[in-house]
Colleague: 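Below: one structure in structure tokens.
Every heavy atom of this structure was used, including side-chain atoms; hydrogens, water molecules and symmetry mates were not. Lettering follows sequence order; numbering is per chain, from 1.
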There are 2 protein chains.
Amino acid sequence: MAGSVHRGAGGGDLPFTDPAGRPTLRTVAELAGVHVSTASRVLNQVSGPGVRSASRTTSERIRRIAQRVGYSPNPHATGLRTSRSNLVGVLVPRLVDIVLATIYEGIEEATATYGFSTFVANTGDDPVAQRQRTEMVLARRVDGMIFGDAYIDGGFLDEIAGRGVPFVLVSRRAGAHPSVTCDDVLGGRLAAEHLLGLGHRRLAVIAGEPYASTGIDRTAGFRAACAEAGVEVPEARVVHSGFDTEGGRAAMVEILAGGDVPDAVFAVNDFAAVGAMGVLRDAGLAVGRDIGVVGFNDVPLAGSLPVGLTTVRSPMHEMGVRAAHLLMRRLRGEQVESERLVPSLVPRASTLGVEVGWSGARGVGPGSGAGAPGSTPDRPAPRTPTPR
Amino acid sequence: MAGSVHRGAGGGDLPFTDPAGRPTLRTVAELAGVHVSTASRVLNQVSGPGVRSASRTTSERIRRIAQRVGYSPNPHATGLRTSRSNLVGVLVPRLVDIVLATIYEGIEEATATYGFSTFVANTGDDPVAQRQRTEMVLARRVDGMIFGDAYIDGGFLDEIAGRGVPFVLVSRRAGAHPSVTCDDVLGGRLAAEHLLGLGHRRLAVIAGEPYASTGIDRTAGFRAACAEAGVEVPEARVVHSGFDTEGGRAAMVEILAGGDVPDAVFAVNDFAAVGAMGVLRDAGLAVGRDIGVVGFNDVPLAGSLPVGLTTVRSPMHEMGVRAAHLLMRRLRGEQVESERLVPSLVPRASTLGVEVGWSGARGVGPGSGAGAPGSTPDRPAPRTPTPR
DNA sequence: CTGAAAGCGCTTACAG
DNA sequence: CTGAAAGCGCTTACAG
């Protein structure tokens, strides 16, 4: 079967194919009447004007034949010979998290333009899985790695760096390792300034996992901006959480259990915000009227929710693309610098209709009304606008 | 650097490492004082009781040393020699669709138990990308493929099958190619029976892409159950759509534009349902009170929405796992059969509070109340319960 | 029970 | 401009 199914586009059985019937370099060379080394040189030639690895006619013949038989080099042979695989390993907490999936799409897209393929693995933010999956990926002889699941302390990453594996981080930073992140401190500030501007003073934070720089920095930025405005966010109203809806639910329950209902909540992740909204609904609080909620990332769904979610948009796809480019530069041996991309606030109904010291913030910032197709129309004007 | 960073766990530089300083089979053999062929035989030996490829003491010594130096076989060398890569290629429409991401997690998890790694690629359901990504994956010499983006006509897949590439389908079926799907016809029926049982008669369907068996079968099952109950679903109220929130929005707008407001809508995908809910909200219709909405898949978010979404749960993760097992069996040369997994209805607030001929459906089916942590509490009893 | 050889499909100095 | 050789790290009959 193998010998009969894989044929060149030219039809007919080919000489010197591999066991699966695919054409090899030898197939091309033989058909062109040249030595395989000549075929190799021609096919790998950087198409510069000055350099030539064979006469024009020979080169053209080889290329034509390669094309006709559908030659594609065996990556195992190439990899064995060159000890380069054109493979990168990507570790993420979970691909079902749309934030990471979007980042990964950017990585995949950008690495493909360099002729690289990617292995992705989920680690669930579990240190044991991180080690195990990293070893598995390394055993595949990837040329480099991108970690989307860094712990802020970075002990494991130091170790990997010590073994000489080139890598970059994405989404989360750790130590001095090169990373591409959102400016999370700024993002937290944007959320705080928005809520403060609307007159909120009793604020709570659903802060994410304590080991992730995203949650840490967003929370820090939020609290810093509050402090500058003379507003304190007490420890009891800053609770850690998973980044998913369930995490948001649990955190919101804990905050409400404090007995002390905030007038607005900042969740460092949209899905956590959705979970929080569910709890608030069950508690009889109308989000966007009785209480404000701000999320982070601006996932596509945020604007389509029954109550549109005000959120801080982070350039997820772009982060993935940039991380891929950064890794490619590292693989070329260049010295690289970390990059921090700028977030922006997207105001929607979950904060714009709340009846606390409203200050005309409506329409402020990008995306407020004319935003994405999924954006939420503004609510009717709140009843008691009280300009600052 | 290379020579100094990669060392065995035993410390010290190793002899006969690869260019990156990793131990090779030769490293192990040399250290054990045997020929590399002996080391290879021992390390690859299926640990059966009868068969031995070396004396006990020799075997143990080789294994101990391999372990100590952290030997892992070079997959390029193994692949070149055996023409097997232990790699599978996975094509999906989009990994940012949590449905596909969940399926992929199942695939990845299950293939890993066989020592396989996976390449995933997004095709965006674009036929050109499908071809291009398939060729790219095949050029990596995968042993088999899993397609999550099959078109119902399956022309492209027939071609791939004709080239002798072993593959299975997941999520969507096509032609006679082996597939693991949800019983989508049954799922559509469950949705219809639920709505009919609640007294709904003016039904609409957001049917998904016309080339995807998921949407086709769910719609067919829905309409068949309606027909059997003597309820007609006119063509004008069955509209195709993308599977995302934006697709659901567009479809709902189109349905409403018909001038003829349904009393319930079945969307073949939860995210499309969320998009539809957004449009209904904007149109001043209260979902779960003025109009019923049913989705499909039961993504984690469904139960956390401000109005909990009634939906048909499909075993997404399980589908991925089964598809992986099915492919592995194909790779062993076994004859395989398609599998169809059973869906179940999860009633929530988006249908349980609607004021049309209510029939005591509350509490029917699994997951109605005691469901996931994210499930939505039932609404207060509707005002005019009218048993069938 | 173990070794020696051949060869998988490439690339890369090195000759000529 | 082109060929010939060596070798990447394995596995697998084949001897002995």
Colleague: If we ignore angles and hydrogens, is there a donor and acceptor under 3.5 Å between the side chains of A/T24 and A/Y71?
Modeller: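 Side chains of A/T24 and A/Y71: no pair found under 3.5 Å.
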
Colleague: When you measure from the side chain of A/S40, which nucleotide among D/dG9, C/dT12, C/dC8 comes out closest?
Modeller: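 Looking only at side-chain atoms, A/S40 lies closest to C/dT12.
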
Colleague: In whole angstroms, how far is the C1' atom of C/dG9 from the CG atom of A/L43?
Modeller: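 For the pair A/L43 CG and C/dG9 C1', the rounded distance is 13 Å.
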
Colleague: Do B/N122 and A/E108 have side-chain N/O donor and acceptor atoms under 3.5 Å apart?
Modeller: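 Side chains of B/N122 and A/E108: no pair found under 3.5 Å.
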
Colleague: Hey, what are the protein-to-nucleotides 4-7 of chain C N/O distances that come in under 3.5 Å?
Modeller:
residue, atom, partner, partner atom, Å
C/dA4, N7, B/H35, ND1, 3.3
C/dA4, N7, B/S37, OG, 3.4
C/dA4, N6, B/S37, OG, 3.2
C/dG7, N2, B/R81, NH1, 3.2

Colleague: Can A/R329 and A/E337 be counted as an ion pair, charged N to O under 4.0 angstrom?
Modeller: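 Here A/R329 does not pair with A/E337 in a salt bridge, since their nearest N and O are not under 4.0 Å apart.
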
Colleague: What base-paired stems does DNA chain C take part in, with at least 3 consecutive Watson-Crick or G-U wobble pairs and both distances under 3.5 Å?
Modeller: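 Ordered by first number, the stems with DNA chain C (at least 3 consecutive pairs each) read C:1-3 with D:14-16, C:5-12 with D:5-12, C:14-16 with D:1-3.
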
Colleague: So does A/R322 pair up with A/E318, basic N to acidic O under 4.0 Å?
Modeller: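 Looking at A/E318 together with A/R322, the answer is yes, because their closest N to O distance falls below 4.0 Å.
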
Colleague: Charged N to carboxylate O below 4.0 Å: is that the case for B/E60 and B/R64?
Modeller: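 No.
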
Colleague: Would you kindly give the CG-to-P distance between B/N44 and D/dT12, to the nearest whole Å?
Modeller: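 Checked: the CG to P distance equals 7 Å.
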
Colleague: Do A/E339 and A/R173 meet the salt-bridge criterion of a basic N to acidic O distance under 4.0 Å?
Modeller: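 Salt bridge flag = no for A/E339 with A/R173.
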
Colleague: Using whole Å, what does the distance between atom P of nucleotide D/dG9 and atom CG of B/L25 come to?
Modeller: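 So the two atoms are 11 Å apart, to the nearest Å.
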
Colleague: Look at B/R172 together with B/D125 and state whether they make a salt bridge at an N to O cut-off of under 4.0 Å.
Modeller: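 Salt bridge: yes.
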
Colleague: Counting only side-chain N and O atoms of A/T58, is one of them less than 4.0 Å from OP1 or OP2 of D/dT2?
Modeller: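 A/T58 to D/dT2 OP1/OP2: side-chain N or O found under 4.0 Å.
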
Colleague: Does B/L80 or B/V34 map to a spot on DNA chain C nearer the 5' end, using the closest nucleotide for each?
Modeller: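 Result of the comparison: B/V34.
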
Colleague: Do A/S117 and B/R140 have side-chain atoms, one donor and one acceptor, less than 3.5 Å apart?
Modeller: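 Yes, because at least one side-chain N or O of A/S117 sits under 3.5 Å from a partner of the opposite role on B/R140.
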
Colleague: A/R22 has an atom CZ; how far is it from atom P of C/dC8, in whole Å?
Modeller: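 Computing the A/R22:CZ to C/dC8:P distance gives 15 Å.
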
Colleague: Salt bridge check, B/E109 against A/R94: does any charged N sit closer than 4.0 Å to a carboxylate O?
Modeller: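 So A/R94 does not pair with B/E109 through a salt bridge.
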
Colleague: May I ask you to say what B/F16 touches in the nucleic acid, namely base, sugar-phosphate or nothing, with a heavy-atom cut-off under 4.0 Å?
Modeller: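 Nothing, no nucleic acid heavy atom in range.
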
Colleague: Separation of A/L14 atom CG from C/dG9 atom C1', in whole Å?
Modeller: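 Answer to the nearest Å: 15 Å.
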
Colleague: Nearest-nucleotide wise, let me know which of A/T82 and A/T57 is further upstream toward the 5' end of DNA chain D.
Modeller: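 Result: A/T57.
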
Colleague: Can you check the B/R141 CZ to C/dG9 P distance for me, whole Å?
Modeller: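 B/R141 atom CZ is separated from C/dG9 atom P by 9 Å.
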
Colleague: Find the distance A/I62:CD1 to D/dG3:P and express it as a whole number of Å.
Modeller: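 After rounding, the reported distance stands at 8 Å.
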
Colleague: If you check every side-chain atom of A/P19, which of D/dC8, C/dC8, C/dC10 has the closest atom?
Modeller: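 The answer is C/dC8, which lies nearest to the side chain.
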
Colleague: Could you state the NE2-P distance from A/H76 to D/dC8, rounded to the nearest angstrom?
Modeller: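 For the pair A/H76 NE2 and D/dC8 P, the rounded distance is 19 Å.
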
